Amino acid sequence: MAPGAVRRARRRARGTPPAGARAQSARSAEDWWWDRLAPSGSGYHLLQSDSMLLVLPDPGPVRAQRRAPRRAPRPQLSGTRAAARPKPAPTPEQGPDSGWGDRIPLEILVQIFGLLVASDGPMPFLGRAARVCRRWYQAASQPALWHTLTLLAPQAGRPGKDGAKAEKKLLTSLEWLMPNRFSQLQRLTLIHWKSQVHPLLKLVSEHCPRLTLLKLSDCHGVTPDTLVMLAKACPQLHSLNIQHSMVESTAILSFLEEAGPRMRKLWLTYSSQTTAIVGALLGSCCPQLQVLEVLRLLNLMWLPKPSGRAVTLSPGFPGLEELCLASSTCNFVSNEILGRLLHDSPNLRLLDLRGCARITPAGLFDLPCQDLEQLHLGLYGMSDRLILIKEGSPLLTQKWCHSLRELDLSGQGFIEKDLEQALAAFSTIPGSSHPPLCSLNLRGTRVTPSTVSLPCSHSSVISSCPGLLYLNLESCRCLPRGLKRAYQGSEAIQWCLEQLLTSLPSAS
């Protein structure tokens, strides 16, 4: 007898149930679990998929898409007993379950999509969700979800003719999308558009009245008529970013004449025509301005023309919170220009003057802002010969040590004693509150081990600022070797403090 036949005979002798009986017992166990999770009459039904089991409220079949267990056929009865038993009525056939996505109300589905769009943006989620089913397509097509849009010109970097054809082709699609999808657009970004900027912005002005922010990056062909048309058609437009774009100053001035009273944020790239724009800003054309950033290129210098007559102060910017005049090399922003810009800005929170070598601590001390949180005065890309010895850094910390969260003094030529007095101000704050300082950049300065670890008050600036998470001591010539680097995290900064304390005797 073959070995397989012997094993089958042994199983029969032991009473092993056949395959059909095992399958029937498994089905009975499955029925028991289904009845426990969604018993009949409870108002819930089960929906089984590949990787999950959903318990959903009625209406719906009690057990959706589940086959009834097969039972062995009963022997047919003969005679009067078979004739007396009535035949059961045929049950109506139930169609396949369409899924839980179709039973969610459209309003609820739009709210769920809105949470995802708020965190990750409308694309690519809405484009993919529209392909799931008809209900999801209806939800993804709601204009309320398309409030942010970034349009990158097709064929960017290709020859001029190919790029112009591709822009025209995309513009044809946008003629339908603007009124049907983007009617509630609020933030629009255009990147690398060269030839179809005017027709595109005309579409926006016709179909997007709720636009609040427009960003043009590396775009050409922006005319004064285009911006004025957009300012008139979009009464809620209050933010304009035209950095790295070819926009004439006349176009910006015409736009500010129309939309200046409601402008809150403005980003510009410095050019030879920026002086006229800054003059218009000083003329109180934007009284509600909160953010002003002028990005300066490497081959241009801010050299305002001197005026022979007395200069009258402008009304200023009472609501200004951020001012950025940073550059990577030396420019010619002086205390006088800074005073004219900020003489009426008490709510300033961020001041970025990196590369402005002519700004002095005395000029900053005279500013009206009392709660400055971020101050960046670093000098980057400059030779040591161009860095002059300065004094007065204690004026900065004594005025803003209670509010400063980020302080950047990298490359500044303050002497050792001056820096020691400046950092000592963080350990002498009146009251029991600790300074909020969390970032300190002293790269390339004359800071010494005693300046950082043991100021005059015998309390180190590191221990006085428990929230300090970033400390940059790169290229500090007065520090011992092995410690000239940037430290991130409280543990690394505490280790730096211990090393500086051990090096104090040798340093003295």
Side-chain angles (χ1 to χ4, degrees), residues 189 213-217 238-245 247 249 252 256 260 263-282 285-304 314 316-361 363-364 367-369 371-382 396 400 403-412 438-439 441 443 470:
T189 301
L213 183 146
L214 175 63
K215 180 179 179 180
L216 304 177
S217 179
H238 57 70
S239 301
L240 179 64
N241 189 340
I242 53 175
Q243 290 182 347
H244 308 290
S245 293
V247 183
S249 61
I252 302 175
L256 293 179
M263 290 299 296
R264 299 179 184 175
K265 300 180 181 180
L266 184 61
W267 293 269
L268 304 173
T269 299
Y270 181 77
S271 65
S272 58
Q273 303 175 349
T274 309
T275 304
I277 302 174
V278 175
L281 294 175
L282 292 175
C285 67
C286 302
Q288 300 184 11
L289 197 64
Q290 298 178 359
V291 177
L292 174 60
E293 179 175 335
V294 181
L295 180 66
R296 198 183 65 80
L297 301 179
L298 296 179
N299 58 344
L300 293 174
M301 293 185 179
W302 188 337
L303 188 59
S314 64
F317 311 102
L320 190 65
E321 296 181 358
E322 299 181 12
L323 176 63
C324 177
L325 301 176
S327 62
S328 58
T329 57
C330 179
N331 59 25
F332 291 88
V333 180
S334 61
N335 293 334
E336 180 184 359
I337 297 176
L338 190 65
R340 292 179 59 189
L341 288 173
L342 300 177
H343 74 91
D344 192 18
S345 302
N347 299 323
L348 193 68
R349 295 290 183 270
L350 185 148
L351 182 58
D352 192 348
L353 300 174
R354 286 174 289 186
C356 302
R358 299 181 63 187
I359 298 295
T360 63
L364 295 173
L367 296 179
C369 49
D371 297 320
L372 194 65
E373 297 179 0
Q374 300 181 38
L375 178 60
H376 301 276
L377 300 175
L379 300 179
Y380 299 92
M382 296 183 62
L396 306 177
W400 294 309
S403 61
L404 273 178
R405 299 179 57 87
E406 298 182 13
L407 178 60
D408 182 7
L409 299 177
S410 59
Q412 292 286 349
C438 59
S439 176
N441 192 345
R443 181 182 184 273
Y470 178 79

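Just so we're clear, the structure is a prediction, and the values are computed from it rather than from any experiment.
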Student: Please name all residues satisfying side chain to side chain donor-acceptor pair (under 3.5 Å) with S410, sequence neighbours left out, ordered by chain then number.
Tutor: Y380, D408
Student: Which value, rounded to the nearest 0.5 Å, describes the distance between L320 atom CG and R264 atom CZ?
Tutor: 14.0 Å
Student: What's the separation between atom CG in L351 and atom CD in E322, rounded to the nearest 0.5 Å?
Tutor: 11.0 Å
Student: Looking at every non-hydrogen atom in both residues, tell me the closest pair between P368 and S345 and how far apart they are.
Tutor: CG-N, 3.9 Å
Student: How many angstroms lie between atom NE2 of H376 and atom CG of L409, to the nearest 0.5 angstrom?
Tutor: 11.0 Å
Student: Suppose we screen for side chain to side chain contact (heavy atoms under 4.5 Å, CB included). Which residues come up paired with L240, at least two apart in sequence or across chains?
Tutor: L214, I242, F255, M263, L266
Student: Between L396 and L407, is a side-chain contact (heavy atoms from CB on, under 4.5 Å) present by the stated rule, with each step listed?
Tutor: CA-CA 10 Å; L396 306 177; L407 178 60; 5.6 Å; no
Student: Please report the C-alpha distance between L372 and L364 in whole Å, then the side-chain angles of each, then the deciding distance to 0.1 Å, and finally whether the side-chain contact (heavy atoms from CB on, under 4.5 Å) criterion is met.
Tutor: CA-CA 11 Å; L372 194 65; L364 295 173; over 6 Å; no
Student: Only counting residues at least two apart or in another chain, list the ones meeting side chain to side chain donor-acceptor pair (under 3.5 Å) with N335.
Tutor: T360
Student: Going by the rule salt bridge (Lys or Arg N to Asp or Glu O under 4.0 Å), which residues pair with E373 if we only count those two or more places apart in sequence or in a different chain?
Tutor: R349
Student: Could you state the interatomic distance from CG (L379) to CG (L353), rounded to the nearest 0.5 Å?
Tutor: 10.5 Å
Student: In sequence, state the C-alpha distance, the side-chain angles, and the governing distance for L338 and L323, and then conclude on side-chain contact (heavy atoms from CB on, under 4.5 Å).
Tutor: CA-CA 10 Å; L338 190 65; L323 176 63; 4.0 Å; yes
Student: Locate the shortest heavy-atom distance separating L289 from F317; write the atom from each residue and the value.
Tutor: CB-CD2, 4.0 Å
Student: Looking at S439 and Y470, what are the two nearest heavy atoms and their distance?
Tutor: OG-CD2, 3.4 Å
Student: Ignoring hydrogens and geometry, is there a side-chain-to-backbone donor-acceptor pair from S245 to L216 under 3.5 Å?
Tutor: yes
Student: Show your working on side-chain contact (heavy atoms from CB on, under 4.5 Å) between L256 and C286 and close with a plain yes or no.
Tutor: CA-CA 8 Å; L256 293 179; C286 302; 3.9 Å; yes
Student: With sequence neighbours left out, write down each residue that passes side chain to side chain donor-acceptor pair (under 3.5 Å) with R405, or none if nothing qualifies.
Tutor: none
Student: Can you tell me how far CG of L268 sits from CG of L281, rounded to the nearest 0.5 angstrom?
Tutor: 7.0 Å
Student: So among K215, H244, Q243, which one has a side-chain contact (heavy atoms from CB on, under 4.5 Å) with W267?
Tutor: Q243
Student: List for me each residue that meets side chain to side chain donor-acceptor pair (under 3.5 Å) alongside N347, sequence neighbours excluded, and say none if there are none.
Tutor: none
Student: From L404 CG over to Q374 CD, what is the distance, rounded to the nearest 0.5 angstrom?
Tutor: 9.5 Å
Student: How close do G260 and P287 get, counting heavy atoms only, and between which atoms?
Tutor: O-CD, 4.1 Å
